2 protein chains.
Amino acid sequence: MVKITDVARRAGVSPSTVSYVLSGKRPISAATQRRVEESIRELGYRPHAGARALASSRSNVLALVMPLRSGVHVPVQMQFAGAVVTTARRHDHDVLLLTQEEGEDGLRRVADSALVDALIVMDVQLRDARTPLLRSLPLPSVLIGFPAEADGLTCIDLDFTATGESCVGHLARLGHRCVALLGSPPEVYARGTGFAQRTAAGFTAAAHRCGISSTVLPCEPTRAAVQETVERLLRDHPGLTGVVVHNEPALPLLLEAFQQAGMRIPQDLSVVAVCPDELAESAAVPVTSVAIPAEEVGERAVELLMAKLNGQSVPDATLLPPRLTQRVSSAPRGPAS
Amino acid sequence: MVKITDVARRAGVSPSTVSYVLSGKRPISAATQRRVEESIRELGYRPHAGARALASSRSNVLALVMPLRSGVHVPVQMQFAGAVVTTARRHDHDVLLLTQEEGEDGLRRVADSALVDALIVMDVQLRDARTPLLRSLPLPSVLIGFPAEADGLTCIDLDFTATGESCVGHLARLGHRCVALLGSPPEVYARGTGFAQRTAAGFTAAAHRCGISSTVLPCEPTRAAVQETVERLLRDHPGLTGVVVHNEPALPLLLEAFQQAGMRIPQDLSVVAVCPDELAESAAVPVTSVAIPAEEVGERAVELLMAKLNGQSVPDATLLPPRLTQRVSSAPRGPAS
DNA sequence: GCACCCCGTCGAAACGATTCGACAATCTCG
DNA sequence: CGAGATTGTCGAATCGTTTCGACGGGGTGC
């Protein structure tokens, strides 16, 4: 194995000089720099990660805590992970993969053993047992999603309030005057990943502001429940011409149910969804949608961490603006009615 | 930060003794052991990963190289990654995530810098540029999938030959006498991840052995191509009563096309697929299938690596037996004909 | 031409573990 | 009962970097 002293000898300098060339922490003359870099290349030198970590108390590794077993969001998670790794590499860091199951002990373990310099925690719940720990750890961290008590923590996510508003705005601009939000099943609102409430709040506020009538309905993603929800919705709101769906698994079922109830999309009913682009594109009728910007979240999360590692201060909350992609499922309200 | 000398002092022993208690590499009296362990607990001591890596030249980290951007197989990859992390932890190792894109340089980097002790490489191609490098690296590695030249490499995957055989066997036992394999598009056979050929070989050999007639057809996963393939197949093989589908994206299209051609499943035609269980279950007609045993592959891959790290010798090739799950798409051939 | 400062480099001391040889004390066996 | 093997522990060297203080030499200001 080739080490720093080998490089130093060959370049005719001391090991510390080589180190300074590598880190740039002290000025080095151009000539020396060139000689050192040449030696490094010729010898194929790579600093020993362990030694480096020991001496500098920096491992240049980030931990990424992922829910590795769950179901629906998998491709989005993958995109996110990809963005994290890629961005981390751009900042000369690597990524250590931890599972949700390792829980608090896992976090403490990698932190105490100085295996990583910082943490990214995905899939944060409203009442997340890890938040007190994260606050007390000496390592910087970034959470994906917002817990109930977010103070003292750095969090990032799609701005769900703005998302709800944006969907209503889109429908309003198309001339719709009576809209509904079909959300997650009741238990999600209760257990709470928080984003459900925020979408609903944005939705309702925007509808109010635009002076259009609105309803919010939770919805189980089963064929029977969907059927019933749709029937009730159409019965109670005969003037309904637009719906926003924030419920991935129910989306295809809903489309089907509406069509069976005689509503053509988009002629009779405009549909906007909050879901991954993939799903929106591959639906029976391609659906106008707002996607979770997984890549951007991943990238920004890493950049927040890097800033924190460099001692810069960063905003507590980062809310990414929603981007609505128009597809065929939403159209101006027909002249009739 | 609490270090080994702190533990040693509190337990009234030397640092080396603490180390030996932790590693078990030398006999320690029961009494001392207890005292040391107690001190460790009381102080919350965790060995510094970098220091440990430096002194022992073992990082206790595995690299997992994943294709993080691709499309279809995502949930399977995730399962696999989950199994790798979980199993690695059981062996007191962590997992570093690398993307495919980092390529050979990435492998060399983590190897040379002693960041990791071993490598797991997913998504290996028939002609994979990384195989020569893996052969020459001093680190042990395990490949998921088989390259063309596998000698000197440790590989693991589903036994696709046996899979082809198993599908035919299932159909034969149900009384079918004329079957077809609908495989991947031609370019996949050419570019080659290898498994396509092996499935076809197993399929054909088994059909021959059972004395039943068989065809193999590649198949593009587009609506038009599927339509045409199905028509041709039914025209050329009027006695056909069973098909094996080894083409994930085409599966739903094929089911639809067969039914539109007047073949009821399973009354007129039995279908067996090679695809993730998820997909098989959620098809219009739940499909009898053989799945990639992602979890088992991940677990076994890690265990192979651990064995290699311990200096044990392991088999070059590990082929996991297929497990066929019967669903409603396959049934005994009707009494007619 | 002298004091002073800055630039570029060096040497040596950490960093926190593991490991190897040595050694005392206890056992074993003839 | 003594030589030799065994058991349990210690001290010191080592792993490969980074970092800090020091220091020589060339520039600047007066």
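Every value quoted in this text rests on a predicted model; they were computed, and no experiment measured them. Note on naming: letters A, B, ... go to the chains in the order of the sequence lines (proteins, then strands), and numbering restarts at 1 for each one. These values consider heavy atoms only, across backbone and side chains, with no hydrogens, waters or symmetry-generated copies.
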What's the [atom1]-[atom2] distance between [X] and [N], to the nearest Å?
X: A/Asp6; N: D/dT17; atom1: CG; atom2: C1'; value: 13 Å
X: A/Leu22; N: D/dT18; atom1: CG; atom2: P; value: 7 Å
X: B/Arg34; N: D/dG8; atom1: CZ; atom2: C1'; value: 16 Å

Contacts of type side chain to side chain contact (heavy atoms under 4.5 Å, CB included), residue A/Ile28, not counting sequence neighbours |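 For A/Ile28, the residues satisfying side chain to side chain contact (heavy atoms under 4.5 Å, CB included) (neighbours in sequence not counted) are A/Thr17, A/Tyr20, A/Val21, A/Thr32, A/Gln33.
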Contacts of type side chain to side chain contact (heavy atoms under 4.5 Å, CB included), residue B/Arg34, not counting sequence neighbours =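 Result, side chain to side chain contact (heavy atoms under 4.5 Å, CB included) vs B/Arg34: B/Glu38.
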Name the first nucleotide and the last nucleotide along DNA chain C (5' to 3') that come under 4.0 Å of a heavy atom in chain B.
->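 So the contact region on DNA chain C extends C/dG16 to C/dA22.
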Residue pairs, two or more places apart or on separate chains, that pass salt bridge (Lys or Arg N to Asp or Glu O under 4.0 Å) and touch residues 138-160 of chain A |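 Salt bridge (Lys or Arg N to Asp or Glu O under 4.0 Å) check on residues 138-160 of chain A returns no pairs.
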Does anything in residues 4-28 of chain A pair up under salt bridge (Lys or Arg N to Asp or Glu O under 4.0 Å), and if so which pairs, sequence neighbours excluded?
->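 Every pair satisfying salt bridge (Lys or Arg N to Asp or Glu O under 4.0 Å) with a residue in residues 4-28 of chain A: A/Asp6-A/Arg9, A/Arg10-A/Glu42.
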Contact class for B/Ser19 (heavy atom, under 4.0 Å): base, sugar-phosphate, or nothing?
->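 The answer is base, as B/Ser19 lies within the cut-off (heavy atoms under 4.0 Å) of a base atom.
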Can you name the residues that form a salt bridge (charged side-chain N to carboxylate O under 4.0 Å, His left out) with B/Arg300, not counting sequence neighbours?
->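 Counting only residues at least two positions away or on another chain, B/Arg300 forms a salt bridge (charged side-chain N to carboxylate O under 4.0 Å, His left out) with B/Glu296.
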Identify, with sequence neighbours excluded, every residue that meets salt bridge (charged side-chain N to carboxylate O under 4.0 Å, His left out) alongside A/Glu102.
->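 Salt bridge (charged side-chain N to carboxylate O under 4.0 Å, His left out) check on A/Glu102 returns A/Arg109, B/Arg89.
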Which residues satisfy the ring pair (Phe, Tyr, Trp, His ring centres under 6.0 Å) test with A/Phe80, sequence neighbours excluded?
->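 If we apply the ring pair (Phe, Tyr, Trp, His ring centres under 6.0 Å) test to A/Phe80, skipping adjacent residues, there are no hits.
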Its contact letters, B for base, S for sugar-phosphate only and - for none at protein heavy atoms under 4.0 Å, make nucleotides 10-16 of chain D read BB---BB
Hey, what do you get for CD (A/Gln77) to CG (B/Leu68), rounding to the nearest 0.5 Å?
->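 Here the rounded value is 12.0 Å.
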